[in-house]
Chemist: 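Here's a structure for you.
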Amino acid sequence: MKTIAALQAAVTAAPFDGEPSAAELDAIDREMPLILADVALLDAQIMTIDRTLTELDERRVRRARRRVLAARRDLANLTTAAATDTTVSGGAA
């Protein structure tokens, strides 16, 4: 009978330490405004889930949706700007 434990070292080359890398933490920091906007939208939707919407509720949900869209736009622009900064060699021809 073969033991699986002896073969496991060959399958898992590097042990997982459970901590995010610096690049992953930077990505989370860049996405944090979008994450917070999504949480605010979910909060607004959860508050109104079991009742009819009042005018104030509609405004709250609409504002939260606009914040999510603005955060997505800002993140997309930030990502696009970072991509063009790294690919453009600069200087006029």
Side-chain angles (χ1 to χ4, degrees):
M1 175 190 285
K2 290 185 180 180
T3 59
I4 297 174
L7 299 176
Q8 188 175 4
V11 175
T12 56
F16 178 66
D17 63 354
E19 297 294 323
S21 67
E24 291 171 333
L25 289 173
D26 290 340
I28 291 170
D29 284 341
R30 278 192 307 274
E31 294 175 5
M32 189 53 70
L34 177 58
I35 293 168
L36 294 175
D38 279 332
V39 168
L41 176 59
L42 283 172
D43 285 343
Q45 290 172 336
I46 288 169
M47 283 192 304
T48 61
I49 203 165
D50 61 346
R51 64 178 188 212
T52 57
L53 290 176
T54 65
E55 186 176 338
L56 181 63
D57 292 333
E58 289 175 0
R59 282 190 227 161
R60 184 178 292 127
V61 171
R62 193 170 44 242
R63 272 191 309 247
R65 282 188 183 135
R66 282 197 302 252
R67 280 189 216 118
V68 168
L69 290 175
R72 285 182 184 170
R73 180 199 59 217
D74 294 342
L75 183 61
N77 288 340
L78 182 67
T79 305
T80 304
T84 56
D85 288 344
T86 58
T87 57
V88 176
S89 60

Chemist: Hey, are the side chains of Val68 and Arg65 touching, using non-hydrogen atoms and a 4.5 Å cut-off?
Modeler: no
Chemist: Quick one: pull up CG in Leu34 and CZ in Arg73 and give me the separation to the nearest 0.5 Å.
Modeler: 12.0 Å
Chemist: Using the rule that two of Ile, Leu, Val, Met, Phe, Trp, Tyr join whenever any of their side-chain heavy atoms come within less than 4.5 Å, decide whether Leu69 and Leu41 are in one cluster.
Modeler: no
Chemist: What heavy-atom pair brings Pro20 and Leu25 nearest, and what distance separates the two atoms?
Modeler: CG-CD2, 3.7 Å
Chemist: If I compare all heavy atoms of Arg60 with all of Ala44, which pair ends up nearest, and what's the gap?
Modeler: CG-CB, 3.9 Å
Chemist: So, Thr80 versus Asn77: side-chain donor-acceptor pair below 3.5 Å or not?
Modeler: no
Chemist: To the nearest 0.5 Å, tell me how far Thr52 OG1 sits from Glu58 CD.
Modeler: 9.5 Å
Chemist: Please name the pair of heavy atoms, one in Arg30 and one in Leu75, separated by the smallest distance, quoted to 0.1 Å.
Modeler: O-CD1, 3.7 Å
Chemist: Heavy atoms, side chains only, cut-off 4.5 Å: are Ile49 and Gln45 in contact?
Modeler: no
